[in-house]
Amino acid sequence: MVFDGQAPRLSLRDVPKPVPGADQVLIRVEACGVCRTDLHVVDGDLKHPALPLIPGHEIVGRVERTGNAVAGLRPGQRVGVPWLGHTCGHCDFCASARENLCDAPGFTGYTLDGGYAEYCVADARFVFPLPDEAEAAALAPLLCAGLIGYRSLKLAGDVSRLAIYGFGAAAHILCQIARHRGIEVHAFTRDGDIAAQDFARSLGAVWAGGSSDTAPVAFDAAIIFAPVGVLVPVALKAVRKGGRVVCGGIHMSDIPGFPYADLWQERSILSVANLTRADGEEFFPLAARAGVRTEVVTYPLESANEALDDLRTGRLQGAAVLTP
């Protein structure tokens, strides 16, 4: 599926099988998750994608071929390709273990072609080995929703009581990780979205309600996945002294003004940018230990626009996944 930037739709075109470079692998795609970031790219919220573009950055597939400089990967091996697809390796951020902030990065499905396709190529250094026994569609959301949720939780700090605003793909994974760690989760959804609230409780949330509901308790931290800036001051009011509000999305509407008193007493607002390979090395074993199960709705590749529409309008519980 190709995005040409002319309209917020993808077109199905015949795309030749890509040829891997020396440091790349050719991957036969088994499944590719549909992430809200894909929606931001297609809807024009994220500027300057590399056009024409094949979106998709929650890729699960099998290595078909490796470049002549690739070591440690073999044909037939199952791998995953995440959002961070390349870094320069020598800027100040890369040199200080902060490659997620690299000055010259490549992003899968944004500046690099992604996985809404039958085949893709990826920098071999930025793919993760994945287990053979799991279903490909079930693994796909872990490659971004899971990783970004995990990084958001790391930035939230050592917490015992957590609020999550927006209960979609990332939140439904993070809720399970948090409960595994003994963290009390409270879920805030769109007002009136009873199905999402029931879904949150089924995954271990001790409370679920609408985003305009009064918080039942004070939280150690809040993580916002909904791309809605007005939730930032709402979450600030809900965290206790010293609490953190973590914005987990790559795009958010403008944050309205709020009184300094809501920020005072060492509350803080943080954003999450991308991920590091170390995040994946930590997260995938943790997800296995926690018994994380992903709730997915599968679509054939040619129905990518339908999947994006369902995500755009909030008709999904869990995560959408394309299966070529």
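The chain is numbered in sequence order, starting from 1.
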Within the structure provided, determine whether [X] and [Y] are in side-chain contact (heavy-atom separation under 4.5 Å).
X    : Y    : answer
Q24  : V70  : no
V34  : L308 : yes
C120 : I54  : no
P18  : L26  : yes
E30  : R62  : yes
L10  : V2   : no
V79  : L73  : yes
R179 : L203 : no

Do [Y] and [X] meet the salt-bridge criterion of a basic N to acidic O distance under 4.0 Å?
X   : Y    : answer
D43 : R312 : yes
R13 : D4   : yes
K17 : E118 : no

Keeping the roles fixed (side chain from [X], backbone from [Y]), state whether a donor-acceptor pair exists under 3.5 Å.
X    : Y    : answer
R78  : A134 : yes
R201 : V206 : no
D279 : L147 : no
E58  : A145 : yes
E281 : A278 : no

Is it the case that Y150 and E282 place a side-chain donor and acceptor less than 3.5 Å from each other?
-> yes
Between D38 and Y110, do the side chains contain an N or O donor and an N or O acceptor separated by less than 3.5 Å?
-> no
Taking all non-hydrogen atoms of both residues, which atom of S152 and which atom of G248 are closest, and how far apart?
-> OG-CA, 3.8 Å
Contact summary for A195 and Q317, nearest pair of heavy atoms = CB-NE2, 3.3 Å
Residues 8-30 vs ring-ring contact (aromatic ring centres under 6.0 Å, His included), sequence neighbours excluded, gives none
Selection residues 300-323 - residue pairs positive for ring-ring contact (aromatic ring centres under 6.0 Å, His included), sequence neighbours left out = none
Salt bridge (charged side-chain N to carboxylate O under 4.0 Å, His left out) partners of R277, counting only residues at least two apart = E99
Who are the salt bridge (charged side-chain N to carboxylate O under 4.0 Å, His left out) partners of D220, not counting sequence neighbours?
-> R240
Hey, could you give me the [atom1]/[atom2] distance between [X] and [Y], rounded to the nearest 0.5 Å?
X    : Y    : atom1 : atom2 : value
I148 : F225 : CD1   : CZ    : 8.5 Å
L174 : R151 : CG    : CZ    : 14.0 Å
E135 : T298 : CD    : OG1   : 9.5 Å
L51  : Q6   : CG    : CD    : 8.0 Å
L153 : L286 : CG    : CG    : 9.0 Å
I194 : T189 : CD1   : OG1   : 7.0 Å

E302 atom CD: more than 12 heavy-atom contacts under 6.0 Å = yes
Does D132 CG have over 12 foreign heavy atoms under 6.0 Å away?
-> yes
In terms of hydrophobic clustering (I, L, V, M, F, W, Y; side-chain heavy atoms under 4.5 Å; direct or indirect links), are I183 and F188 co-clustered?
-> no
Should L162 and I164 be marked as a side-chain contact (heavy atoms from CB on, under 4.5 Å) after you check the CA-CA gap, both sets of side-chain angles, and the distance that decides it?
-> CA-CA 7 Å; L162 176 69; I164 299 177; 4.1 Å; yes
When I59, V63, V81 are each screened for side chain to side chain contact (heavy atoms under 4.5 Å, CB included) with V127, the one that passes is V81
Would you mind listing every side chain to side chain donor-acceptor pair (under 3.5 Å) that reaches into residues 206-217, with sequence neighbours excluded?
-> D191-S212
Check step by step if side-chain contact (heavy atoms from CB on, under 4.5 Å) holds for H186 and V217.
-> CA-CA 9 Å; H186 296 247; V217 292; 3.8 Å; yes
Side chain to side chain donor-acceptor pair (under 3.5 Å) partners of [X], counting only residues at least two apart:
X    : result
R161 : E184
S202 : none
D45  : H40
S303 : none

Extract all donor-acceptor atom pairs below 3.5 Å that involve side chains of residues 82-98 and protein atoms in other chains or at least two apart in sequence.
unit_1 : atom_1 : unit_2 : atom_2 : d
W83    : NE1    : N274   : OD1    : 2.9
H86    : ND1    : D123   : OD2    : 3.2
S96    : OG     : D92    : O      : 2.8
S96    : OG     : F93    : O      : 3.3
S96    : OG     : R98    : NE     : 3.0
S96    : OG     : R98    : NH2    : 3.2

Mind checking whether H172 and F167 have ring centres under 6.0 Å apart?
-> no
What residues form a ring pair (Phe, Tyr, Trp, His ring centres under 6.0 Å) with F128, not counting sequence neighbours?
-> F284
Check: residues 257-269 side-chain donor-acceptor pairs under 3.5 Å, at least two apart:
unit_1 : atom_1 : unit_2 : atom_2 : d
D262   : OD2    : K237   : NZ     : 3.4
R267   : NE     : V239   : O      : 3.1
R267   : NH1    : W264   : O      : 2.7

